[in-house]
Amino acid sequence: DVIDVRGLVQEGVFTYDPGFVSTAACDSAITYIDGANGVLLHRGYPIEQLAESSDYLEVCYLLLKGELPSAEENKRFHDTIKNHTMLHDQMRNFFHGFRRDAHPMAIMCGVVGALSAFYHDQMDVTSEHQREITAHRLIAKMPTIAAWCYKYSIGQPFMYPRNDLSYSENFLQMMFGVPCEEYKPNPILAKAMDKIFILHADHEQNASTSTVRLAGSTGANPYACIASGIAALWGPAHGGANEAVLDMLAEIGDESNIEKYIAKAKDKDDPFRLMGFGHRVYKNFDPRAKVMAETAHEVLTELGLENDPLLKIAQRLEKIALEDEYFVERKLYPNVDFYSGLILKAIGIPTSMFTVIFALSRTIGWFSHWNEMVSGNYRIGRPRQLYTGSDARDYPKK
Ligand code: ACO
């Protein structure tokens, strides 16, 4: 290998860590993960307890501000978010600029980035007040944007947010309601939706959050930074995984084919991977996956789908993989995405919307990290490289 020795000598020693497997790029007080023991804490609180007893907006407050709100603060926060759920009427035009068959992630990425064109006079990164309003706007508007991406793709009229509903009920209403008909959200499905939002709210320095921090380190505006996070989340190795899980289960098609797909996943000459298995940090059960598995069971029972063929394939696949030497040795456990896709599908959400819902949920995590960074001392993020190209050479004489 050719190494840029001159660069190393000039700059001193630096680490070569592809994939940032062992490089901390920042310090942060938001989220703690102990991958070996399957622990995930937000501001010190275990994710299982938050999923059980909190709601998504309270978790947003916690991630953003560092402490749980008092009852009065919580009510005020919920009311404030409700005040910001509408989109500027002109934003409808953005949606209409896209092809109807555009991927909803493509639309979301564009629309969120475009928010900066609406609030350009309130994006001062150094103003705590403006950062707070931006957080409220983003938390409040993401469900409206996400639901409108869906409504646009199926040619139905956009539904406006309703203030009498909770955050997750309102999202379901904007997804599945139609004008002139009263939409009554199912409380079990709304609770499951809220849990999905909570379980995806933050996960420290994952690829999309690191992207948001890197973009933010240049001083870029928060909407542009969140749009960069959405773009990074889109890939199948990250947020696109739950969509990929469902595609994979459909491709497997029948329990009798599972062994064949397990063999493909183990074959190093085959690029196929078991989607929804493995995690860069968790080398034990992902604590979110446990909550998700229970929620999947509740939702499928509520909807009478306990015998859904894809659920059966998923359960069998999980059992086989957990006993297979290849997966055991490499500590490849089901991750949060293995079950979330099943819940979303049962609720009636199309697979192309799965990553959009992840992005909606993760916006608070991205924002909290961006906010933490810009409120302290930070430098522009600028990774180095190990040069492997040609030595210096002369341009050929003509
Ligand atoms: N199926 C089969 N083999 C796998 C899988 C899988 N899903 N995941 C990892 N492996 C194998 C690798 O081939 C490698 O084997 P080797 O040591 O014999 O070469 C070993 O396990 C380690 O894998 P890496 O790719 O080095 O692990 P890394 O930490 O880089 O990747 C990742 C983690 C991207 C999540 C990976 O496990 C994967 O691709 N999983 C499937 C996609 C997925 O579910 N992504 C969602 C992640 S969670 C989230 O974003 C919310």
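Whatever order the structure lists them in is the order used to number ligands and atoms, beginning at 1.
Listed by chain and residue number, the protein contacts of ligand 1 are Ala237, His238, Ala241, Ala265, Lys268, Arg273, Leu274, Met275, Gly276, Phe277, Gly278, His279, Arg280, Tyr326, Arg330, Leu332, Asn335, Val336, Asp337, Phe358 (heavy atom within 4.0 angstrom).
Between Tyr160 and Trp148, the distance from one ring center to the other falls under 6.0 angstrom. Between Phe118 and Phe94, the ring center distance clears the sub-6.0 Å criterion. Aromatic rings of Tyr282 and His203 (six-membered ring for Trp) have centroids within the 6.0 Å cut-off, being under it. Between Tyr183 and Phe176, the distance separating the two ring centers is not shorter than 6.0 angstrom.
Under the 4.5 Å side-chain heavy-atom criterion for grouping Ile, Leu, Val, Met, Phe, Trp and Tyr, Trp234 is connected to Val111 within one hydrophobic cluster.
Distance check: Tyr167 OH to Ile81 CD1 gives 7.5 Å after rounding to the nearest 0.5 Å.
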